[in-house]
Amino acid sequence: MASCWWRCRRGCSWRPAARSPGPGCPGRAGPCGLHPAAARAQMSFFYHVKSLTSACPNMYSISRLYHTTSAMFCYSKTRSGEKYTDPFKLGRRHLKGLYEDIRKELLISPTELKEMSEYYFDGKGKAFRPVIVVLMARACNIHSNNSRDVQASQRSIALIAEMIHTASLVHDDVIDDASSRRGKHTVNKIWGEKKAVLAGDFILSAASMALARIGNTTVISILTQVIEDLVRGEFLQLGSKENENERFAHYLEKTFKKTASLIANSCKAVSVLGCPDPVVHEIAYQYGKNVGIAFQLIDDVLDFTSCSEQMGKPTSADLKLGLATGPVLFACQQFPEMNAMIMRRFSLPGDVDRARQYVLQSDGVQQTTYLAQQYCHEAVREISKLRPSPERDALIQLSETVLTRDK
């Protein structure tokens, strides 16, 4: 188990170890091999998100994480006393016909709007969010009343989460003028921006109708918060901060709102439907939030370490959009000359290529991965509070999958 935690994505191993500081970052390496400035920046990431989203009630040092994470996974996995199952295989048991059911929600007469709305619901993805939602539903149900059944309303949350996510992708591609997504042309590239916006709106409206039919006002309030967060997160992405510490906080808040809020609030929604205990609701929310932030951090890493064929979309896309993600912000600690490029959003000729080289020469990728590990560690700590079950253990394993994925 431990070996997969420290596997390099490009085939060469890396580990927390002292290294020569990069240009513009004089001095000795600090704890766990990080330069003091970089180490301070890394911990400031976690402290900022703690104040912004209350994600991390208990902090762990990088060195302690290095020694305890894999052991914690092994301990939690064995407590249920039942044979362990692949999380995606276990989750999909309750997701049969997922995309067919979504297409039923999108049942409309105009052929073109129907084709656009159904374009990404082709069943070729891993259904990451729906899988988390149904696993959380079963884990909370077992914890509350020892029932392994997923309620129809809880399954509906899985559909709604996937619909909200897909609508946000359609809108994001318009904003970013993206040409490919999941290995094929984007909706806006095929049908044009105006129609793509309308298709995204339609998917959101269908999700809202499905949510209303659940009839639980608390759940409706929880999931409408997701839509607000998506909009606020997009506005945060359009802006930038000059102060470095504010820049870190800005990045993490944007990451929470654009990615983690949907997972966190969907997990909370199914816990509300299946269990009356507010403590369980908070456990579900915190798990989703921490896994969601880790997922996006790794996504930002893969923008530098994976090829376009693996990702199904162009790499270095964030730099081309003028965005400074985790690897860039950490690299800036070693290469301060990147500050000017960040502030002008990599708009001058050669900025994107130079910034990419700085990131690859720095510890930016590794440090962003360390940070993602800390969030996953926190997610495991939260979900381990629930009664042992195969579903709880699958959620633990899923957090490792977030860290080791390559696309």
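- A cation-pi geometry, defined here as NZ or CZ lying under 6.0 Å from the six-membered ring centre and within 45° of its normal, does not hold between Arg354 and Phe335.
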Derivation and outcome, side-chain contact (heavy atoms from CB on, under 4.5 Å), residues Val197 and Asn188: CA-CA 8 Å; Val197 170; Asn188 51 291; over 6 Å; no

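- With Tyr251 as reference, Asp300 is the one residue of Asp300, Leu236, Leu323 to meet the side chain to side chain contact (heavy atoms under 4.5 Å, CB included) rule.
- Using a cut-off of 4.0 Å between Lys/Arg side-chain N and Asp/Glu carboxylate O, Glu118 and Lys114 are scored as salt-bridged.
- Judged purely by distance below 3.5 Å, without hydrogens or angles, the side chains of Glu382 and Tyr285 never pair a donor atom with an acceptor atom.
- Donor-acceptor pairing under 3.5 Å is recorded for the side chains of Asp201 and His171.
- For the pair Ser362 and Ala331, the tightest heavy-atom approach, listed with the atom from each and the gap, is OG-CB, 3.2 Å.
- Between Arg181 and Thr186, the side chains place no donor N or O within less than 3.5 Å of an acceptor N or O (distance only, hydrogens not considered).
- With a 4.5 Å cut-off on side-chain heavy atoms, Val359 and Phe330 do not count as touching.
- With contacts defined as side-chain heavy-atom distances shorter than 4.5 Å, the pair Lys184/Tyr119 qualifies.
- Judged by the 6.0 Å and 45° rule, Lys289 forms a cation-pi pair with Phe256.
- Looking at Phe88 and Leu398, their side chains come closer than 4.5 Å, going by heavy atoms from C-beta outward.
- For the pair Arg182 and Tyr120, the cation-pi criterion (under 6.0 Å, within 45° of the ring axis) is fulfilled.
- Heavy atoms from other residues, nucleotides or ligands lying under 6.0 Å from CE of Met343 number more than 12.
- Residues Val328 and Phe346 form a side-chain contact, since some pair of their non-hydrogen atoms from C-beta on lies under 4.5 Å apart.
- Residue Leu230 forms a side chain to side chain contact (heavy atoms under 4.5 Å, CB included) with just one option from Thr259, Asp172, Ile164, Leu262, and that option is Ile164.
- The environment of CZ in Arg103 is crowded: more than 12 heavy-atom neighbours from other residues, nucleotides or ligands sit within 6.0 Å.
- Using modelled atom types, one side-chain atom of Arg387 and one backbone atom of Ile142 make a donor-acceptor pair closer than 3.5 Å.
- A donor-acceptor pair under 3.5 Å is absent between the side-chain atoms of Glu162 and the main chain of Pro130, judged by distance alone.
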Begin from the C-alpha positions of Cys332 and Ile342 and carry the test side-chain contact (heavy atoms from CB on, under 4.5 Å) through to its verdict. CA-CA 9 Å; Cys332 190; Ile342 291 172; 4.1 Å; yes

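- Taking the side chain as every heavy atom from C-beta outward, Ser347 and Met341 never approach each other to under 4.5 Å.
- At a threshold of 4.5 Å between non-hydrogen side-chain atoms, the residues Arg213 and Glu105 count as touching.
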CA sep, side-chain torsions, deciding dist, call: Leu106, Met163, side-chain contact (heavy atoms from CB on, under 4.5 Å): CA-CA 10 Å; Leu106 300 170; Met163 292 169 75; 4.3 Å; yes

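- Of the N and O atoms on the side chains of Gln154 and Asn141, at least one donor lies less than 3.5 Å from an acceptor on the other residue.
- With hydrogens and angles ignored, the 3.5 Å screen pairs a side-chain donor or acceptor of Tyr287 with a backbone N or O of Leu395.
- Counting heavy atoms from C-beta outward, Asp303 and Leu319 have side chains that stay 4.5 Å or more apart.
- Annotation: side chain of Phe121 is in contact with side chain of Ile203 (closest heavy-atom distance under 4.5 Å).
- In the model, Asp393 has no side-chain atom that pairs as donor or acceptor with a side-chain atom of Gln397 under 3.5 Å.
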Could you give me the CA-CA distance, side-chain angles and deciding distance for His94 and Arg138, then say whether side-chain contact (heavy atoms from CB on, under 4.5 Å) is met? CA-CA 10 Å; His94 290 275; Arg138 290 186 72 178; 3.3 Å; yes

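- Note on Arg405 versus Asp299: salt bridge recorded, some NZ/NE/NH1/NH2 to OD/OE distance being below 4.0 Å.
- The pair Lys195-Glu112 meets the salt-bridge criterion, with a side-chain N (NZ, NE, NH1 or NH2) lying under 4.0 Å from an Asp/Glu carboxylate O.
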Check against salt bridge (Lys or Arg N to Asp or Glu O under 4.0 Å), Glu391 and Arg148: CA-CA 9 Å; Glu391 288 73 19; Arg148 302 187 74 170; 3.2 Å; yes

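- With no hydrogens or angles considered, no side-chain donor-acceptor pair links Gln374 and Glu378 at under 3.5 Å.
- In this structure, Phe128 has its ring center under 6.0 Å from that of Phe295.
- Arg344 and Asn339 form no side-chain donor-acceptor contact under 3.5 Å, judged by distance and modelled atom types alone.
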